[in-house]
Amino acid sequence: MKTIAPSTLVIFGAAGNLARIKLIPALYRLEVAQRLPEEMLILSVSTEARSREVWIDAVGEMLKAKYPEGLDAPAFARFCQRLHYHGNPPDDLTAYDRLKTLIDGSGKFPPNVVFYMAVPPSMFPGIVDRLGDVGLLKQTMGTRRVVIEKPFGYDLLSAQSLQKGLTRHLDEQQIFRIDHYLGKGTVQNVMVFRFANILLEPLWNRHYIDHVQITHSESLGVDGRAGYYNEAGALRDMIQSHLLQLLTLVAMEPPVSMAAEHLRDEKVKVLKAIRPIPQNAVHAHAFRAQYTSGVIDGKPVPGYLEERGVSADSTTETYAALKVFVDNWRWSGVPFYLRTGKRMAEGSSAICIRFRNPPQDLLRQSRHDHSHPNWIMLGIQPNDCLKMEIQVKEPGLELHTRTLSLDATYRKQDDADYDAYEGLLLDALDGDHSLFLRYDEVEWAWRVVDPVLKVWAMEREFINNYAAGSWGPRGTYRLFDREDQFWRHSLDVSGADLQAY
Ligand code: BG6
């Protein structure tokens, strides 16, 4: 277990959505599990002036809303002891000086400080500038780190200029670019699965793998985030960050060690090896669509254009699919298909790896239908699981084959279940960068999607659509290299042949 030095966590945007739904609950759960360092204070910063008492009441309400079954009273009492509040009205020119005096001058706050930017992306460069200007980012009294949420920029150019701004005040070791997907248990399990087992290594390459597909689907819509989402769209929101990160974990070479820099060196090599998509080939590599009204869980739901905050002529994609090739020795010629969508039939995330067919189909006569290749599937959510599909003989006198799923689901009923943010917050307090993105990773990920974004930005008159509650638009099938490739929607054998329609 990590021993973390006494620290101060400063949360900017403490009254916002991210803090309310993710950060404060995650910190409370760490308190319950007694994982927060004994000497740690949480200083919440928001634009409204509030007293500490009023803030503690507000946190109590947030937590009660999240855990209606009730709070752990002793843990909550301990948690409240840590909570402090600083009002930072935008028009108060002294706010940052007061913050500096509070943190560095009051003697109350441990001098190792993590500043968490739980604010809209447009705001954090300004906040970092002000923190830098008042001297709060100088590491004279203790370490000073900044955690930045995605999206890191809007495209390649804006990411570069954002980085330039940050480096005026911070060095790379002080910056923690969060991709909360890397905090998910199964995502880390991709590395354990690959590097703690020798079994698969000989097969993990172009000779045996037909293609890889990575899916993140959601049945939810934009959920009150239309302002952000309508600017971003699915490709920026999910593929540039989370799904490309998953791809790097599947495709990377074994690192020299699990140390942060070694891991990140290998991940960035994968991103660099992704074949650039020329603008005139975007349509062969990418597909976008938007949901129309439909039915989810038996209830009618509106289309994207009817969502509050979305303009009636928006062509923002709520579904994006991308085919990329990793042009290196291991993966040459193997397509990686990535897709994500809102308001789809189910909310689920998985990595599905399809193997090639055996070189000779010796058992063709003994099957009722077409051949079934092997699959390895890593389910990320809702249930983390690991499955492998193989062919076996059906019991009986005939030599008939059947697909069997070896289910290596490793979660036991009483295993601890942590949210991604819990581990990542501890890592940031501890200064461990392994699960955070280095700048070159972000930049190379933008290089992958940038040509697609450019073409889509020019083609603003038309977008394909799909009914809410479906598995997405049919046209997405044109991305597949061959007719026997199809999106896998279910990790169950019975669902293996389920194609989109
Ligand atoms: C966020 C995206 O980064 O990830 C959201 O901005 C998306 O649009 C979310 O819904 C998905 O993450 P999770 O952990 O809720 O599956």
Side-chain angles (χ1 to χ4, degrees), residues 13 16-23 25-26 29 66 116-124 147-154 159 176-190 214-247 249 288-291 296 301 304 307 309-310 314 316-321 338-351 378-385 417-425 435-437 441-442 445-446 449 453 468 472:
N17 254 356
L18 177 69
R20 200 180 65 237
I21 297 168
K22 293 287 188 185
L23 302 182
R29 297 237 310 163
K66 178 93 181 178
Y116 199 115
M117 301 290 140
V119 293
S122 57
M123 287 177 66
F124 62 70
V147 180
I148 292 172
E149 277 283 336
K150 68 155 257 281
F152 192 87
Y154 185 74
F176 288 71
R177 294 178 200 83
I178 203 162
D179 181 320
H180 80 281
Y181 245 68
L182 293 182
K184 293 184 190 271
T186 308
V187 175
Q188 292 164 40
N189 202 28
V190 176
I214 302 178
T215 298
H216 171 94
S217 64
E218 292 179 35
S219 55
L220 293 174
V222 281
D223 237 11
R225 292 165 76 225
Y228 153 75
Y229 195 85
N230 201 46
E231 288 295 305
L235 186 64
R236 281 192 185 85
D237 184 50
M238 288 297 304
I239 295 191
Q240 187 274 344
S241 48
H242 308 319
L243 299 198
L244 280 176
Q245 278 295 316
L246 292 183
L247 181 152
L249 296 177
R288 65 174 169 166
Q290 193 181 70
Y291 62 83
I296 290 190
V301 295
Y304 182 67
E307 300 278 8
V310 175
S314 167
T316 297
E317 79 282 3
T318 59
Y319 175 101
L338 316 180
R339 70 172 163 160
T340 184
K342 301 247 181 227
R343 285 286 191 226
M344 297 198 24
E346 270 172 36
S348 72
S349 298
I351 300 171
L378 292 131
I380 294 163
Q381 55 196 37
N383 304 312
D384 39 6
C385 65
D417 188 11
Y418 286 108
D419 180 77
Y421 276 93
E422 294 166 37
L424 293 173
L425 280 165
L435 300 177
F436 293 85
L437 309 186
E441 287 181 79
V442 178
W446 278 121
V449 299
L453 290 172

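As the structure lists them, so they are numbered: ligands from 1, and atoms in each ligand from 1. Each residue takes its place number in the sequence, starting with 1.
- The two atoms that bring Ala19 and Pro25 nearest to each other are O-CD, 3.6 Å, heavy atoms only.
- Among all protein heavy atoms, the one lying closest to atom 12 (O) of ligand 1 is His180 NE2, 3.1 Å.
- Close contacts of ligand 1 with His216, meaning ligand atoms under 4.0 Å from a residue heavy atom, involve 11 (C), 16 (O).
- The closest protein non-hydrogen atom to atom 14 (O) of ligand 1 is Lys184 NZ, 2.6 Å.
- Remark: Arg339 is not positioned above the aromatic ring of Tyr319, lacking an NZ or CZ atom under 6.0 angstrom from the ring centre and at most 45 degrees off the axis.
- Each of the atoms 7 (C), 10 (O), 11 (C) of ligand 1 lies under 4.0 Å from some heavy atom of Glu218.
- Ligand 1 places these atoms under 4.0 Å from at least one heavy atom of Lys150: 1 (C), 2 (C), 3 (O), 6 (O).
- The distance from ligand 1 to the heavy atoms of Gln381 drops below 4.0 Å at these ligand atoms: 13 (P), 16 (O).
- Taking all atoms of both residues into account, the shortest heavy-atom contact from Ala468 to Val301 is CB-CG2, 3.5 Å.
- Every atom of ligand 1 is numbered from 1 in the order shown, and the set under 4.0 Å from a heavy atom of Asp237 is 2 (C), 5 (C), 6 (O), 8 (O).
- For Thr318 (side chain) and Tyr291 (main-chain N/O), a donor-acceptor pair under 3.5 Å exists by modelled atom type.
- Remark: ligand 1 and Lys22 share no N or O pair separated by less than 3.5 Å (distance only, no angle test).
- Between His180 and His242, the angle of the ring planes goes over 60°, which puts this pair in the perpendicular group of the 30/60° scheme.
- Taking every heavy atom of Lys342 and a limit of under 4.0 angstrom, the matching atoms of ligand 1 come to 5 (C), 7 (C), 8 (O), 10 (O).
- When all heavy atoms of Lys342 and Leu220 are compared, the pair lying nearest together is CB-O, 3.5 Å.
- Shown here for Gln290 and Thr316, the closest heavy-atom pair between the two residues is NE2-O, 3.0 Å.
- For ligand 1, the atoms closer than 4.0 angstrom to any heavy atom of His242 are 1 (C), 3 (O), 4 (O).
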